[in-house]
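Notes for the one structure printed next.
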Amino acid sequence: MIPDLRIEDYDYNLPESRIAKYPLADRDGSKLLVYRDGTCTGDAFKNLPGLLPEDSLMVFNNTRVVPARMFFRRETGARIELFCLQPVLPAEYASAFASTGSCRWECVIGNAKRWKEGEPLMYDTEDCALSATELTARLIVREAQTGTVEFSWKGRASFSEILDMCGKVPIPPYLNRETESVDIERYQTTYALMRGSVAAPTAGLHFTENTLEAIRRRGIDVENICLHVGAGTFLPVKSSRVAEHPMHREPFTIKRTLLEKLASGKRPVTAVGTTSVRTLESLYYAGAVCIEEGHPRDVEQWDPYTREWTYGTQEALEALLAYLDRSGLDELSLGTRIIIVPGFRFRIADALVTNFHQPKSTLLLLVSAFVKGDWRSIYEYALSNGCRFLSYGDSSLLFKR
């Protein structure tokens, strides 16, 4: 049954002064709130390795943010901003980034009403490091504030190289500032690898090589998933009823080796970030469908709530492994629209490293679900103890209740 939740019940007062507009000088210099057994304590992020259970498994999201914002001009001089969301042709990320000459993407379009379908736009070379780049955009299909856009350019550069030359890092709109040079490095995790996100998995922004090495020295196994974060992560819940909020699809990939470790069920699992949690918890439902249908499918928004799922977690994960065997695959690639709200049953994640999220957001709903509704005490503690909020803010380590 889909939970009947009101988003107003997940509101709190977040003063503008508490939003971290810029990162700290040191990645691991933030505060760390630790929530365990209903109690909050304060610590430093540098001490995180010593707070994790020994012989546990820690899962990171190694997606890489792409400079997905570009600015174009009409012949009239009107400026149009395009924010690349996901590839359309080719539809696979790696192929789209490798494209030469042209490709099509779904984009958020600024000043969308001023741009007619079929009308070509010229790139605004004032924003491009390589002014000689000849880049145009043509609107193929419009859908409200988004549309399918065909990019065309001359030369042998790949679209990945075009973005690097002409794109800007899409920092969150709630920072209320333009992208600056500091964001190019700091709005990216140190372990980012797979290009495709338009927003950073911000819990990972705190980790340095020293922190990761200290985690390994404690005997903690480190693994990666890859979920490309979409612009939907910035979308507010506009409806009073959470059930009316649509979640956008985000593609993820998980390697067989991690599935095997999860299926063994021998070690507690710490997820770094809400994107890692959503990926890990989606695996159960993909596996349950695989048991019934012989193959997995994308996990839909309300799959966890619309029926009773009786399969064991190990049983579901082993079904995915058997599917990989039958298909001759070393990794599982799917999509998820899963929304995690109070009442959700967590089957894989035992602890969560995450930042402090916006009021009335789906991320706050996830935190509330993880701590069985005790989110207010956590956020009141954070506000009372000088924690910095949102993407560049401080961190927390939450143990599941």
Spatial distance of atom NZ (K31) from atom CG (N385) [nearest 0.5 Å]: 6.5 Å

Return the NE2 to CZ distance between H295 and R326, rounded to the nearest 0.5 Å. 9.5 Å

Lys/Arg N to Asp/Glu carboxylate O, E292 vs R307, below 4.0 Å: yes

So, the side chain of E161 versus the backbone of S158: is there a donor-acceptor pair under 3.5 Å, distance only? yes

Atom pair CG (L259) and CG (D330), whose distance is rounded to the nearest 0.5 Å: 11.5 Å

Using 0.5 Å steps for rounding, measure from the CD1 atom of I80 to the CG atom of L139. 9.5 Å

Can any side-chain N or O of R401 pair as donor or acceptor with the backbone N or O of D374 at less than 3.5 Å? no

Is the backbone of P23 close enough, under 3.5 Å, to the side chain of R388 for a donor and an acceptor to pair up by distance? no

Tell me if a side-chain donor or acceptor on E180 pairs with a main-chain N or O of V182 at a distance below 3.5 Å. no

Tell me whether the rings of F151 and F72 are parallel (<30°), tilted (30 to 60°) or perpendicular (>60°). tilted

Check against salt bridge (charged side-chain N to carboxylate O under 4.0 Å, His left out), E16 and K21: CA-CA 10 Å; E16 184 76 13; K21 297 298 181 71; 3.0 Å; yes

Mind checking whether L33 and D394 have side chains closer than 4.5 Å, heavy atoms only? no

Would you say that Y10 contacts V237 through its side chain, given a criterion of any heavy-atom pair below 4.5 Å between the two side chains? no

Under the criterion side chain to side chain contact (heavy atoms under 4.5 Å, CB included), which of L175, I19, L24 is the partner of Y392? L175

Verify, without hydrogens or angle tests, whether Y123 (side chain) and C166 (backbone) share a donor-acceptor contact under 3.5 angstrom. yes

Do R347's NZ or CZ and the ring of Y311 fall within the cation-pi criteria of under 6.0 Å and 45°? no

Does K266 come within less than 4.0 Å of D221, counting only side-chain N to carboxylate O? no

Can you confirm whether E75 is buried at CD, in the sense that more than 12 heavy atoms of other residues, nucleotides or ligands lie under 6.0 Å from that atom? no

ring-ring contact (aromatic ring centres under 6.0 Å, His included) partner of F356, chosen from Y12, Y35, Y379: Y379

Can you check whether W309 and Y285 have ring centres sitting under 6.0 Å from each other? yes

Separation of K46 NZ from L32 CG (nearest 0.5 Å): 13.0 Å

Hydrogens and angles aside, do S396 and T354 bring a side-chain donor and acceptor to less than 3.5 Å of each other? no

Nearest heavy-atom approach of A382 to R18 is O-NH2, 3.4 Å

Which atom names give the shortest non-hydrogen contact between S30 and H206, and what distance separates them? OG-ND1, 3.2 Å

Given side chain to side chain contact (heavy atoms under 4.5 Å, CB included), test E281 with L366 step by step and report yes or no. CA-CA 12 Å; E281 297 299 329; L366 185 152; over 6 Å; no

Strictly by modelled atom types, are T279 and S282 linked by a side-chain donor-acceptor pair under 3.5 Å? no

Considering the options Q86, H228, R278, which one meets the side chain to side chain donor-acceptor pair (under 3.5 Å) requirement together with E250? R278

Judged by atom type as modelled, is there a donor-acceptor pair below 3.5 Å linking the side chain of E134 to the main-chain atoms of K154? no

List the steps, then state whether side chain to side chain contact (heavy atoms under 4.5 Å, CB included) holds for T310 with E308. CA-CA 6 Å; T310 58; E308 186 71 25; 4.1 Å; yes

Which heavy-atom pair separates V34 from F399 by the least distance, and what is that distance? CG1-CE1, 4.3 Å

For S95 and A91, indicate whether the former's side chain and the latter's backbone hold a donor-acceptor pair under 3.5 Å. no

Quick one: does any side-chain atom of K400 pair with a main-chain N or O of A349 as donor and acceptor, under 3.5 Å? yes

Given 3.5 Å as the limit, does a donor-acceptor pair link the side chain of S197 with the main chain of A200, or not? no

Any chance the rings of F159 and W153 have centres within less than 6.0 Å? yes

Using side-chain heavy atoms (C-beta onward) and a distance below 4.5 Å, is M194 in contact with N62? yes

Using distance alone, with no hydrogens and no angle criterion, decide if R27 and T190 have a side-chain donor and acceptor under 3.5 Å apart. no

Where does the angle between the aromatic ring planes of F344 and F346 fall among parallel (under 30°), tilted (30 to 60°) and perpendicular (over 60°)? perpendicular

K255 and K261, any side-chain heavy atoms less than 4.5 Å apart: no

Do you know which two heavy atoms are closest between P49 and T211, and how far apart they sit? CG-O, 3.9 Å

Qualifying residue for side chain to side chain contact (heavy atoms under 4.5 Å, CB included) with L57, from V222, I348, L262, T270: L262

Considering all heavy atoms of both residues, which atom of L321 and which atom of A263 are nearest to each other, and what is their separation? CD1-CB, 4.1 Å

Side-chain heavy atoms of P67 within contact of D164, under 4.5 Å: yes

Does the T336 side chain pair with the main chain of I338, one donor and one acceptor, at a distance under 3.5 Å? yes

Pairwise side-chain contact, W105 with V149, heavy-atom cut-off 4.5 Å (strictly under): no

Does a side-chain N-to-carboxylate-O contact under 4.0 Å join D303 and R337? no

E300 and W302: side chain to side chain contact (heavy atoms under 4.5 Å, CB included), yes or no, with the steps? CA-CA 6 Å; E300 298 302 328; W302 298 108; over 6 Å; no

Evaluate the criterion side chain to side chain contact (heavy atoms under 4.5 Å, CB included) for residue pair M70 and C84; output intermediate values, then yes/no. CA-CA 8 Å; M70 291 189 287; C84 297; 4.3 Å; yes

Under 4.5 Å between any side-chain heavy atoms of L383 and F389, yes or no? yes

Going from CZ on R256 to CG on D325, what distance comes out if it is rounded to the nearest 0.5 angstrom? 4.0 Å

For the residue pair H245 and K238, establish whether any side-chain heavy-atom pair is separated by less than 4.5 Å. no

Where do P170 and F83 come nearest, in terms of heavy atoms and distance? CB-CZ, 3.5 Å

